[in-house]
There are 2 protein chains.
Amino acid sequence: MTEFIEDDHISVDCVIFGFDFENLNVLLVERTLFDDNNEVVFSDLTLTGNHIYRHEDLDDAAKRILFNLTGLENIYMEQFHTFYHPDRLKAKNDVLWIESIGKNPDSRVITTSYFSMLDKNKIKLVKKDRNVAWYPVNEVKELAYDHKLILDKALDSLRLKLAHEPIAFELLPTKFSISQLQRVYEVIMNDKYDRRNFRRKALRMKYLIELKERQTDVKHIPAKLYMFSKDVYDVVKSDYINSLI
Amino acid sequence: MTEFIEDDHISVDCVIFGFDFENLNVLLVERTLFDDNNEVVFSDLTLTGNHIYRHEDLDDAAKRILFNLTGLENIYMEQFHTFYHPDRLKAKNDVLWIESIGKNPDSRVITTSYFSMLDKNKIKLVKKDRNVAWYPVNEVKELAYDHKLILDKALDSLRLKLAHEPIAFELLPTKFSISQLQRVYEVIMNDKYDRRNFRRKALRMKYLIELKERQTDVKHIPAKLYMFSKDVYDVVKSDYINSLI
DNA sequence: CCAAAAGTGTTGACGCTACACCCATGG
DNA sequence: CCATGGGTGTAGCGTCAACACTTTTGG
């Protein structure tokens with residue numbers, strides 16, 4: 001069974017973004033070290049991640065990490081950067097932690113990072129032995145290792161991607177209203193848009209298909225529902241590329 | 001002297017683009033294996049790259065590789081993707097080659113890739129022991145290892161970057177004409193632009209500064225020269241961000 | 001009847017594409 | 001005098017941002 005032997009040198013970190021129409025959240029793991037008397041030495045937070053297995057490639061490892069936490073497959077994921085520095089795991093708490101779990105703090109570990117995004121309310125976290133929870137990205141101040149750096153870069157990559165590709169639909173139900181779509185942009189970009197102008201722009205996108213249905217059980221005019229068609233997008237995407245020149 | 005011990009597991013590949021107003025070229029290394037009778041077993045091409053040293057981080061290794069080939073420092077470089085698969089070095093020729101240089105073909109090597117771009121005519125290649133040369137990217141059909149995949153992805157990243165950030169100036173002399181700038185875009189994007197429209201757009205960029213000088217020794221109207229100001233760009237760049245929404 | 005969000009149109013400024021002619025220079 | 005590339009303007013159209021009121025619904 002060579003399947004589940006870990007590679008000591010390569011890890012994958014996943015920045016898992018969860019959207020809930022209020023906040024953009026990120027999935028973090030509590031890391032608490034106890035001493036021999038069961039007193040807390042320190043407690044902080046890390047991104048989700050793991051060493052890869054010897055038979056896996058990077059994408060497989062990222063999918064596995066996400067699956068183990070959320071039970072979800074076929075989720076949008078994107079590799080955005082790789083972090084490595086010979087001393088990247090040498091902060092005091094990091095060394096203590098790595099020793100406590102029986103690993104070698106001197107081993108040089110390269111980590112390739114992925115971000116993914118999902119509808120936070122669609123899933124139930126699989127907690128296993130450690131405490132995993134959602135935290136609003138705006139409120140995350142510090143993380144263990146170099147994970148704050150990784151989170152910041154993930155956010156930049158997510159925003160760049162959202163600005164140029166139709167990935168907002170990953171966060172929405174199959175049928176959604178234009179206002180919900182706008183909310184995705186506003187929460188992720190941390191900005192506000194004019195409703196009329198947003199609608200006009202959104203409706204120019206030929207891959208947004210108007211359905212015959214409307215919302216039900218809302219205490220206001222029920223909104224028209226739309227769907228995203230990847231088929232249509234693949235055919236018309238070249239119309240939506242813009243650039244400096 | 002721990003300085004120059006290689007890390008066995010981490011390598012850095014550099015996709016070094018060289019521009020010459022005619023073509024976009026890429027720097028490749030000839031890889032020729034001889035048998036005991038000095039007959040050629042095979043000969044093909046690879047990207048430039050190396051294992052990193054134990055004291056280096058990824059950026060340092062990329063800079064070192066570029067410096068060793070070109071003698072240049074302070075060149076624009078950008079990490080764009082990391083490639084790893086347990087069998088990525090297992091093609092027949094690759095195994096033969098790796099054995100011939102005394103390494104273990106079974107070791108799992110992750111490679112982080114950078115692209116950089118420079119004015120091909122500004123430099124003189126440092127050749128050392130292996131044959132390094134420029135090849136027009138359009139004519140590169142196959143490469144060793146997974147390097148064709150890496151090159152294709154580098155080109156995508158370069159084009160995306162060029163479309164959204166003012167990196168064209170990395171390929172131009174300090175003082176350049178608008179036509180030269182246009183040529184950079186045309187060669188890299190593999191496209192043609194209308195001269196009047198291109199000028200208009202370019203001149204809207206506040207970080208393009210018109211100089212008092214003109215070209216000399218050309219057999220047509222000497223063109224006005226411009227420079228790129230990073231100072232100005234840093235202040236006004238938020239004006240030039242555009243997006244789907 | 002109230003609160004909440006849906007839906008809708010116009011104006012003025014600016015950017016886009018497409019397109020053709022004359023000019024300064026070196027050889 | 002020729003070849004080369006530099007430099008320039010306009011028309012028609014589309015998109016931009018800014019801005020306010022009415023409607024439907026559930027409670």
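Residue numbers begin at 1 in each chain, while the letters A, B, ... track the order of the sequences.
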Residue [X], side-chain atoms from C-beta onward, closest of [options]:
| X | options | result |
| --- | --- | --- |
| A:Asn197 | D:dA17, D:dT25, C:dC16 | D:dA17 |
| A:Ala223 | C:dA6, D:dG7, C:dG9 | C:dA6 |
| A:Ile221 | C:dA6, D:dA18, D:dT15 | C:dA6 |
| A:Asp194 | D:dC19, D:dG7, D:dT24 | D:dC19 |
| A:Arg200 | C:dC16, D:dA18, C:dT25 | D:dA18 |

Charged N to carboxylate O under 4.0 angstrom, A:Lys148 versus A:Asp152?
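Looking at A:Lys148 and A:Asp152, the cut-off is met.
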
Going by distance alone, is a donor N or O of one side chain under 3.5 Å from an acceptor N or O of the other, for B:Tyr185 and B:Asp191?
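No donor-acceptor contact under 3.5 Å links the two side chains.
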
Check this for me: does the side-chain of A:Arg196 come within 3.5 Å of the base of C:dA6 through a donor and an acceptor?
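Result: no qualifying N/O pair found.
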
Counting only distance, no hydrogens or angles, is the base of C:dA6 paired donor-acceptor with the side chain of A:Arg214 under 3.5 Å?
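Not at all, since no donor on one side and acceptor on the other fall under 3.5 Å apart.
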
Atom [atom1] of [X] and atom [atom2] of [N]: how far apart are they, to the nearest Å?
| X | N | atom1 | atom2 | answer |
| --- | --- | --- | --- | --- |
| B:Leu203 | D:dG9 | CG | C1' | 14 Å |
| B:Lys192 | D:dG5 | NZ | P | 11 Å |
| A:Ile178 | C:dT8 | CD1 | P | 11 Å |
| B:Phe198 | D:dG7 | CZ | C1' | 15 Å |
| A:Arg183 | C:dA6 | CZ | P | 11 Å |
| B:Tyr193 | D:dG6 | OH | C1' | 21 Å |
| A:Asp217 | C:dA4 | CG | P | 18 Å |
| A:Gln215 | D:dT23 | CD | P | 20 Å |

Under 4.0 Å from OP1 or OP2 of [N]: is there any side-chain N or O of [X] that close?
| X | N | answer |
| --- | --- | --- |
| B:Ser179 | D:dG5 | no |
| B:Lys201 | C:dT17 | yes |
| A:Arg199 | C:dG7 | yes |

Heavy-atom distance under 4.5 Å between the side chains of B:Leu28 and B:Leu151, does that happen here?
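Heavy-atom side-chain distance check fails, nothing below 4.5 Å.
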
Can you confirm whether A:Ile16 sits close enough to A:Trp134 that some side-chain heavy atom of one is under 4.5 Å from a side-chain heavy atom of the other?
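A side-chain contact under 4.5 Å exists here.
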
Which residue, A:Arg204 or A:Pro222, contacts DNA chain D at a nucleotide closer to its 5' end, judged by nearest heavy atom?
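So the residue in question is A:Arg204.
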
Flag the pair A:Phe176 / A:Phe228 as yes when their ring centroid distance falls below 6.0 Å, and as no otherwise.
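They do not qualify: ring centres at least 6.0 Å apart.
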
Go nucleotide by nucleotide along DNA chain C from the 5' end; which of A:Arg195 and A:His220 gets its closest nucleotide reached first?
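On the 5' side of the pair lies A:His220.
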
